K.L.:
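One structure, pasted below without further comment.
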There are 2 protein chains.
Amino acid sequence: MSDNNSKKADIISVAKAAKVSASTVSRYFNHPELLKNSTRRRIDSAVRKQGYIRNRAAQTIHGIRSGTIGVLVPTIDHAIFAEVVQAFSDAVAEHGFTILLASHGYNAKQEYAVLRKFLEHRVDGVVLTGLEHDEAVFQLIESQDIPAVLIWNHSDSARLPCIGADNRRAGQLIAEHILDLGHRDIACMFPPMVGNDRAQDRRMGVMDTLAKAGAQVRAEWQLETIYSISASKRDTIKILSNEMRPSAIICGNDILATGALYGAQACVLGVPQDVSIVGIGDFKGSSEIEPALSTVRLPAVRIGQEAGRALAHAITQKESSIANLHCLPELVPRASSAIAKR
Amino acid sequence: MSDNNSKKADIISVAKAAKVSASTVSRYFNHPELLKNSTRRRIDSAVRKQGYIRNRAAQTIHGIRSGTIGVLVPTIDHAIFAEVVQAFSDAVAEHGFTILLASHGYNAKQEYAVLRKFLEHRVDGVVLTGLEHDEAVFQLIESQDIPAVLIWNHSDSARLPCIGADNRRAGQLIAEHILDLGHRDIACMFPPMVGNDRAQDRRMGVMDTLAKAGAQVRAEWQLETIYSISASKRDTIKILSNEMRPSAIICGNDILATGALYGAQACVLGVPQDVSIVGIGDFKGSSEIEPALSTVRLPAVRIGQEAGRALAHAITQKESSIANLHCLPELVPRASSAIAKR
DNA sequence: TAATTTTGTGAAAACATTTGCAAAACTATT
DNA sequence: AATAGTTTTGCAAATGTTTTCACAAAATTA
């Protein structure tokens, strides 16, 4: 039981209680093999009795690692980022790291400010979401030379090491799937694109592929819908209520697709008989929804794990180079898409 | 542009460049009003030129706040915890705090270990999920006397200040709703209960209410299903495929309810005509799903915000007492539940 | 028994800051 | 121009730890 009558338990008070010097207590934690068994036991009991907890801040100012990694996502409250963060956190926790987590809400100024805060805390590494960032952000990272990883998106020409899936390719895959099924009257629903290179890339992948096949998307079928099931349901109902309606809706992510599915059901339209609906992401639940959602799998857990592993390795081995890693997106055709009726 | 030829930019190198003493640079950050305009400008330019970033670790060992708050959830990868964490993070970020986030996966030993790690980092406060924790966890917090809040669940007899919803009451509300609709053949589906007082409380609320009304739940209709749409869909299909089937299914949370909904659809049963399905939580999407889910709203965002506000206040005002706050659960009847057929 | 090696421990310097106090530099007043 | 009052700055001590170096004690070898 800890004894808190001695206000502050620092290394010195422990040393006194154990009748050794502070250096010996330090060694007890950092190089216990150098101590005699009996001293180790004495210190052990003193530590316990005083409820002493080491002060990482004091260690950190010696240039010793802080044991923290800064993770910066647009928002935590997204099925998909939550999943990535969880996987990342687990991966680095194995190596003793704790994460400092913050979100910037797709605001570039915010991102820079948070990054600075991370650096004040002397994080041992940072993770940013997406490939594109303010020039100031890149410069800050480079000037501190601390390992950094960009997650979620992938491109060979990224300015920093990136571990993620090629979102352009994901868009291409789902568009090809819809084209292969014979659809030509296609609607597209994407989230707002500002500060979101993942969404931009997906959209570009979809649009380019459709255009190349001569299946231009008419302007009124190009929707920009905020990331929310309710907004997507609403917009889908609007578009499906016209007499002229698309035979397929390509959604920028599975949340939008889920809303679209509900919207079609609300319009008493059959999916996929009346309209095919597809997403991107393969979120949890996408395979169980009725009808099961056709989508493109982006391996969130794998991305988080690999990023965590790579960063932890770079930090502990002081090997500053992290290799790009492309986690391939993969088409997952399910029940929500079918051959177009003529 | 920062000039990184000078390897390490510390307060002293900045001081030299600005031709002042280190103390003056320190004051530049902490009490700028004490400096003459001209010196302030000189330091400003030196800071910029060197790309100096303050070292919070060095400040922290002076007993100055670390500016971090430890947040400990069972898992980040839950719609609901993600939402709470986001709200909490935003609330404390306003006061300059960054969160250290970790998960324990419903493992009590883990929880203690993570808490210790938080304390090594000298967090200014901690947030734990739920009311019940190892005795060692409570003792550790008490011995450090640092502000702590238990979130998500609520009880007047909690050992530490708690901000959350009474989950027992939530269970009671949804059970009453189902009873009011005339149901007596009721199935219950709850997640595993170990280390999860929220689920335990909800279940108790439901079971007690049903029992009091004489609507005992037969053993084979008491399901324990892991938190996952697919597991819930599977279990629901199993239970609905028997000729003897319940007229209502009460689920411990909206994810399970969503899976149950899909399961009913897969069995070609109408909801709510053939079977009523209800959840607890009012997750995002629960109001848009077809049919819209009857559930009990637990105000996640509010809980996160209030907890953040309370903790930030306790830390900055050194006012160690945080008041309990009960965020009332509220029945939200929607389309997925209806009067029982006789 | 003496000489040598190994092991265990302590003293002091270093780390990057903050802060109380006192000295120096300005301003205003006469 | 001298004095008093005010503002601004620097010095030195303090913070909680790790690390290097040195030395004594113990163990081993000759």
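Values below: all heavy atoms of this structure, side chains included; hydrogens, waters and symmetry mates excluded. Protein chains get the first letters and strands the later ones, always in sequence-line order, with residue 1 at the start of each. A quick note: this is a predicted structure, and the numbers were derived from the prediction, not measured.
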K.L.:
Report yes if some heavy atom in the side chain of I61(A) is under 4.5 Å from a heavy atom in the side chain of T60(B); otherwise report no.
P.N.:
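Counting from C-beta outward, I61(A) and T60(B) never come under 4.5 Å.
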
K.L.:
Rounded to whole angstrom units, what separation is found between the NZ atom of K36(B) and the P atom of dT6(D)?
P.N.:
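Whole-Å distance recorded here is 18 Å.
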
K.L.:
Rounded to whole angstrom units, what separation is found between the CZ atom of R41(B) and the P atom of dT8(D)?
P.N.:
13 Å

K.L.:
Report which part of the nucleic acid T39(B) touches: base, sugar-phosphate, or nothing (heavy-atom distance under 4.0 Å, all strands).
P.N.:
sugar-phosphate

K.L.:
Check the orientation of F81(B) and H78(B). Use parallel for under 30°, tilted for 30 to 60°, and perpendicular for over 60°.
P.N.:
parallel

K.L.:
Between the side chains of D44(A) and R48(A), is the shortest nitrogen-to-carboxylate-oxygen separation below 4.0 Å, so that they form an ion pair?
P.N.:
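A salt bridge is present here (some side-chain N lies under 4.0 Å from a carboxylate O).
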
K.L.:
Let me test you: for the helix from dT1(C)-dA30(D) to dT30(C)-dA1(D), what is the angle between the axes at its two ends (five pairs each), rounded to 10 degrees?
P.N.:
40°

K.L.:
Would you kindly say whether S21(A) and T24(A) are connected by a side-chain donor-acceptor distance under 3.5 Å?
P.N.:
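On atom types as modelled, these side chains qualify, holding a pair under 3.5 Å.
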
K.L.:
Is there a side-chain contact between I69(B) and S89(B), using heavy atoms and a 4.5 Å cut-off?
P.N.:
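Side chain of I69(B) against side chain of S89(B), heavy atoms only: no contact under 4.5 Å found.
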
K.L.:
Starting at atom CG of L34(B), determine the distance to atom P of dA24(C), rounded to an integer number of angstrom.
P.N.:
20 Å

K.L.:
Rounding to an integer number of Å, can you tell me how far R40(B) CZ sits from dT8(D) P?
P.N.:
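Rounded to the whole Å, the gap is 8 Å.
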
K.L.:
Measure the distance from CG on N37(A) to P on dT9(C) and round it to the nearest whole Å.
P.N.:
10 Å

K.L.:
Can you check the K16(A) NZ to dG16(D) C1' distance for me, whole Å?
P.N.:
13 Å

K.L.:
Report the distance from atom CD of E33(A) to atom P of dT7(C), rounded to the nearest whole Å.
P.N.:
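One finds 11 Å between P of dT7(C) and CD of E33(A), rounded.
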
K.L.:
Kindly indicate whether the side chain of S103(B), heavy atoms from C-beta on, has any atom under 4.5 Å from the side chain of Q86(A).
P.N.:
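They are in contact (side-chain heavy atoms under 4.5 Å apart), so the answer is yes.
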
K.L.:
Round to the nearest Å and state the distance from K19(A) atom NZ to dG10(C) atom C1'.
P.N.:
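Value for this atom pair: 16 Å.
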
K.L.:
For a quick check, with a 4.0 angstrom heavy-atom cut-off, what is the B/S/- contact string for nucleotides 12-21 of chain C, read 5' to 3'?
P.N.:
--BBBBBBB-

K.L.:
Test your reading of the model: is there a side-chain donor-acceptor pair from R122(A) to the backbone of R54(B), 3.5 Å cut-off?
P.N.:
yes

K.L.:
Of H133(A), E135(A), E132(A), which meets side chain to side chain donor-acceptor pair (under 3.5 Å) against R159(A)?
P.N.:
E135(A)

K.L.:
With sequence neighbours excluded, give me every ring pair (Phe, Tyr, Trp, His ring centres under 6.0 Å) pair touching residues 31-52 of chain B.
P.N.:
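Matches after skipping sequence neighbours: F29(B)-Y52(B).
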
